[in-house]
Amino acid sequence: MTDAAALPGQPRGGAIDGTGTARAVCVLAPNASPMTLDGTNTWIVAEPDSSLAVVIDPGPLDEGHLRKVIATVERTGRRVGLTLLTHGHADHAEGAARFAELTGTAVRALDPALRLGDEGLTAGDVITTGGLELRVVPTPGHTADSLSFHLPADAAVLTGDTVLGRGTTVVAHPDGRLGDYLDSLRRLRSLTVDDGVHTVLPGHGPVLDDAQGAVEYYLAHRATRLAQVETAVENGYRTAPEVVAHVYADVDRSLWPAAELSVRAQLEYLEERGLV
């Protein structure tokens with residue numbers, strides 16, 4: 001049996017639904033799969049004495065889940081004041097329009113196509129709904145529109161799919177780019193070093209109690225994979241499927257299509273730098 005404390009980021013054991021911090025609680029969507037792990041984590045974030053809550057990533061278009069999120073908010077004597085999106089993938093954002101209809105809230109996102117209302121999100125924005133302070137951190141790479149949200153009062157960061165609670169994420173080429181992703185990981189590392197962030201509230205999987213350890217692991221993992229891909233190309237494996245079959249031979253084949261996206265991003269990164 002693996003010691004959970006030895007795993008990257010120290011993932012919390014037990015149920016994911018209902019976990020979080022003093023200001024954030026997870027409502028787990030019922031869309032578990034090899035790609036979404038236990039399901040999508042919808043986050044409810046609020047100041048303890050506030051009557052308003054912010055919901056991050058309503059999740060898939062699942063009426064039962066959306067109503068469960070609202071009921072969870074209302075049980076605390078609050079109402080939903082704002083909806084935010086970390087990025088536009090369907091498992092995070094497909095339910096946003098219906099959620100906005102049910103709650104009467106605006107939806108703020110980096111991608112204008114995902115917004116409902118006049119305001120979007122940009123780097124450096126500070127969300128202050130209900131007295132809450134959430135700082136918008138640009139973390140492109142998984143997708144071009146990926147954002148994270150720094151919750152200073154809880155020394156936490158909500159990372160969407162940029163850092164997961166278990167395993168590693170996909171650089172979703174061509175929208176996702178490896179260079180951007182590495183820069184985003186370094187940006188998150190600076191939050192752990194310079195701003196005291198120690199908790200990751202991910203878009204999938206359990207809460208991580210060692211944010212710096214998780215980000216350092218991600219950076220090391222990406223460096224290892226990139227070296228493996230470069231070596232594979234040097235040994236004659238030229239196409240993305242060939243590289244996947246060689247480098248990811250020990251990975252469940254059902255995950256190879258996702259791995260191929262990351263490999264394409266890695267090949268592009270190496271080509272741009274004249275390394276292959």
Side-chain angles (χ1 to χ4, degrees), residues 2-12 35 37 41 86-87 123 135-151 155-233 240 243-244 247-248 250-251 255 258-276:
T2 302
D3 179 3
L7 295 174
Q10 295 183 16
R12 293 185 192 172
M35 287 297 295
L37 305 181
N41 295 340
T86 61
H87 65 296
R135 301 174 185 173
V136 178
V137 182
T139 47
H142 169 66
T143 61
D145 69 330
S146 288
L147 298 171
S148 294
F149 298 99
H150 178 198
L151 178 57
V157 61
L158 298 105
T159 54
D161 282 358
T162 300
V163 174
L164 305 179
R166 187 171 65 251
T168 56
T169 199
V170 172
V171 179
H173 183 272
D175 183 47
R177 295 174 59 86
L178 181 59
D180 290 342
Y181 186 64
L182 294 174
D183 287 343
S184 294
L185 291 177
R186 296 182 190 108
R187 192 171 295 119
L188 290 175
R189 181 173 58 186
S190 75
L191 287 180
T192 72
V193 174
D194 301 328
D195 295 277
V197 167
H198 56 68
T199 302
V200 172
L201 305 176
H204 303 277
V207 172
L208 300 177
D209 290 320
D210 176 13
Q212 186 173 351
V215 175
E216 293 286 2
Y217 172 79
Y218 265 56
L219 284 165
H221 170 79
R222 283 296 164 196
T224 298
R225 283 299 194 206
L226 190 62
Q228 290 172 336
V229 169
E230 185 175 4
T231 299
V233 173
V243 172
V244 169
V247 173
Y248 291 79
D250 59 341
V251 174
L255 298 176
E260 185 174 325
L261 296 179
S262 286
V263 165
R264 290 185 184 279
Q266 290 171 92
L267 289 172
E268 179 183 70
Y269 179 86
L270 292 169
E271 289 167 2
E272 289 174 349
R273 285 154 182 79
L275 298 174
V276 296

(request) Please round to the nearest 0.5 Å and tell me the distance separating atom CG of L275 and atom CG of L270. (result) 5.5 Å
(request) Could you tell me the separation between the CG atom of L226 and the CG atom of L267, rounded to the nearest 0.5 Å? (result) 9.0 Å
(request) Ignoring hydrogens and angles, tell me if any N or O in the side chain of S262 forms a donor-acceptor pair with the backbone of A259 under 3.5 Å. (result) no
(message) Parallel, tilted or perpendicular, judged at 30° and 60°: which one describes the rings of H87 and H142?
(response) perpendicular
(request) Can you measure from CG (D209) to CD (Q10) and round to the nearest 0.5 angstrom? (result) 6.5 Å
(message) Any non-hydrogen side-chain atom of R166 less than 4.5 Å from a side-chain atom of P206?
(response) yes
(request) Enter the distance from R186:CZ to L219:CG here, rounded to the nearest 0.5 Å. (result) 6.5 Å
(request) Evaluate the side-chain proximity of R189 to L185: yes if any heavy-atom separation is below 4.5 Å, no if none is. (result) no
(message) Are L261 and V171 packed together at the side-chain level, in the sense that at least one heavy-atom pair is separated by less than 4.5 angstrom?
(response) no
(message) Return the NE2 to CZ distance between H150 and R187, rounded to the nearest 0.5 Å.
(response) 14.0 Å
(request) State whether the side chain of H198 and the backbone N or O of A156 hold a donor-acceptor pair below 3.5 Å, judged by distance alone. (result) no
(request) Using a 4.5 Å cut-off on heavy atoms from C-beta on, say whether the side chain of V247 contacts that of R225. (result) yes
(message) If the test is side-chain contact (heavy atoms from CB on, under 4.5 Å), which one of N41, V170, T169 qualifies with L164?
(response) T169
(message) Is there a side-chain contact between T139 and L188 in this structure, where contact means two heavy atoms from C-beta onward sitting under 4.5 Å apart?
(response) yes
(request) Find the distance between CG (L158) and CG (L147) and round it off to the nearest 0.5 Å. (result) 11.5 Å
(message) The test is side-chain contact (heavy atoms from CB on, under 4.5 Å); show your working for L178 and R222 and say whether it passes.
(response) CA-CA 9 Å; L178 181 59; R222 283 296 164 196; 4.1 Å; yes
(request) Classify the side-chain pair S184/T162 by whether it contains a donor and acceptor separated by less than 3.5 Å. (result) no
(message) When you compare the side chain of E260 with that of Y248, does any pair of heavy atoms fall below 4.5 Å?
(response) no
(request) Compare every heavy atom of D210 with every heavy atom of G213, then report the nearest pair and how far apart it is. (result) N-OD1, 3.0 Å
(message) Treating R264 as the side-chain partner and A240 as the backbone partner, does any N or O pair qualify as donor plus acceptor under 3.5 Å?
(response) no
(message) Quick check with a 6.0 Å cut-off and a 45 degree axis cone: is R273 positioned over the face of Y269's six-membered ring?
(response) yes
(request) State, to 0.1 Å, how close A214 and L208 come at their nearest heavy-atom pair, and which atoms those are. (result) CB-CD1, 3.7 Å
(message) Is any side-chain heavy atom of V197 closer than 4.5 Å to one of Q212?
(response) no
(request) Determine yes or no for a side-chain-to-main-chain donor-acceptor pair under 3.5 angstrom, with D175 supplying the side chain and A144 the backbone. (result) yes
(message) Are the side chains of F149 and V157 in contact, using a 4.5 Å heavy-atom criterion?
(response) no
